[in-house]
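Read the structure below first, then the notes.
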Amino acid sequence: MQAALEQARLGLAAGEVPIGAVLVIEGRIVARGYNQPIASVDPTAHAEILVLREAARVVGNYRLTEASVYVTVEPCLMCVGAFVHARVREVVYGATEPKTGALVSTVRGPDLPGLNHRFAVTGGVLEAECRELIQQFFREKRGA
């Protein structure tokens, strides 16, 4: 999760919502990323999507069955869907996201009927640090 936090800090420095992610296979970081929808003019350029894309290129397969994704903030429903399609093994997140989080907060995405893949979920890893970074961003944005 420390590596995901480093990515989130890069996002913060770039003026993006500071969410970072890393994708790990067999104990090795295969891909790193942070939110980039503003800079890339791409609403799908979430940290999670970027690490899935990069890892698929590195591995040479869109199915990432041995992958664990570490992300600083609970993913949205789009990202949960991408995890299902990529067949990731596990998602580990830091802070919950009460407005758009789709693992435990607004919807339990992995439990939706009809999905053809399930993955393990672990939350609350370095939660305070992850939450503080995102709150700092919004405090600064709002001038509070």
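Nothing here was measured: the structure is a model prediction, and the numbers come from that model.
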Can you spot which of Gln7, His46, Glu6 makes a side-chain contact (heavy atoms from CB on, under 4.5 Å) with Tyr34?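 Of Gln7, His46, Glu6, side-chain contact (heavy atoms from CB on, under 4.5 Å) with Tyr34 is met by Gln7 alone.
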Check whether more than 12 heavy atoms from other residues, nucleotides or ligands sit under 6.0 Å from atom NE2 of His117, and answer yes or no.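 More than 12 within 6.0 Å, yes.
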Connected via hydrophobic side-chain network under 4.5 Å: [X] and [Y]:
{"X": "Ile25", "Y": "Val58", "answer": "yes"}
{"X": "Val91", "Y": "Leu112", "answer": "yes"}
{"X": "Val125", "Y": "Ile134", "answer": "yes"}
{"X": "Leu77", "Y": "Val71", "answer": "yes"}

Could you tell me if the side chain of [Y] sits less than 4.5 Å from the side chain of [X], heavy atoms only?
{"X": "Ile49", "Y": "Cys79", "result": "yes"}
{"X": "Arg28", "Y": "Val24", "result": "no"}
{"X": "Leu133", "Y": "Leu5", "result": "yes"}

Kindly indicate, with the supporting measurements, whether the criterion side chain to side chain contact (heavy atoms under 4.5 Å, CB included) is fulfilled by Thr44 and Arg53. CA-CA 11 Å; Thr44 69; Arg53 288 176 183 162; 3.1 Å; yes
Heavy atoms only: give me the nearest [X]-[Y] pair and the separation to one decimal.
{"X": "Leu115", "Y": "Pro110", "result": "CD1-O, 4.0 Å"}
{"X": "Leu52", "Y": "Ala86", "result": "CD2-CB, 4.0 Å"}
{"X": "Val22", "Y": "Ala4", "result": "CG1-N, 3.9 Å"}
{"X": "Ile38", "Y": "Gly15", "result": "CD1-O, 3.7 Å"}
{"X": "Ala3", "Y": "Ile29", "result": "CB-CD1, 3.6 Å"}
{"X": "Leu23", "Y": "Ala55", "result": "CD2-CB, 3.6 Å"}

Mark yes or no for whether Glu74, through its side chain, and Leu103, through its backbone, hold a donor-acceptor pair below 3.5 Å.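 Yes.
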With a 3.5 Å distance limit and no angle check, can you tell me whether Thr106 reaches the backbone of Lys99 through a side-chain donor-acceptor pair?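 Not a single qualifying donor-acceptor pair exists.
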Might you work through the salt bridge (charged side-chain N to carboxylate O under 4.0 Å, His left out) test for Glu54 and Arg57, ending with a clear yes or no? CA-CA 5 Å; Glu54 179 62 20; Arg57 279 191 291 274; 3.0 Å; yes
Looking at [atom1] of [X] and [atom2] of [Y], how far apart are the two atoms once the value is rounded to the nearest 0.5 Å?
{"X": "Met1", "Y": "Thr72", "atom1": "CE", "atom2": "OG1", "answer": "7.0 Å"}
{"X": "Asp42", "Y": "Gln36", "atom1": "CG", "atom2": "CD", "answer": "9.5 Å"}
{"X": "Glu66", "Y": "Asn61", "atom1": "CD", "atom2": "CG", "answer": "11.5 Å"}
{"X": "Thr122", "Y": "Glu90", "atom1": "OG1", "atom2": "CD", "answer": "5.0 Å"}

Applying side chain to side chain contact (heavy atoms under 4.5 Å, CB included) to Arg87 and Asn116, what does each step give before you reach the verdict? CA-CA 9 Å; Arg87 311 292 196 275; Asn116 61 351; 3.3 Å; yes
Which other residues belong to the hydrophobic cluster containing Leu50, where Ile, Leu, Val, Met, Phe, Trp and Tyr are joined when side-chain heavy atoms lie under 4.5 Å apart, directly or via other members?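 None; Leu50 is a cluster of one.
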Filter on salt bridge (charged side-chain N to carboxylate O under 4.0 Å, His left out), then keep only pairs touching residues 124-134, sequence neighbours left out; what's left?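 Sorted result for residues 124-134: Glu127-Arg131, Glu132-Arg139.
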Carefully, step by step, assess Leu10 and Arg32 under the rule side chain to side chain contact (heavy atoms under 4.5 Å, CB included). CA-CA 11 Å; Leu10 292 173; Arg32 302 168 190 263; over 6 Å; no
Taking only residues two or more places apart in sequence or in another chain, which ones pass ring-ring contact (aromatic ring centres under 6.0 Å, His included) with Phe119?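 Once residues adjacent in sequence are excluded, the partners of Phe119 under the ring-ring contact (aromatic ring centres under 6.0 Å, His included) criterion are Phe83.
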Apply side chain to side chain contact (heavy atoms under 4.5 Å, CB included) to Asn35 and Glu48, showing your working. CA-CA 8 Å; Asn35 270 17; Glu48 302 93 309; 4.3 Å; yes
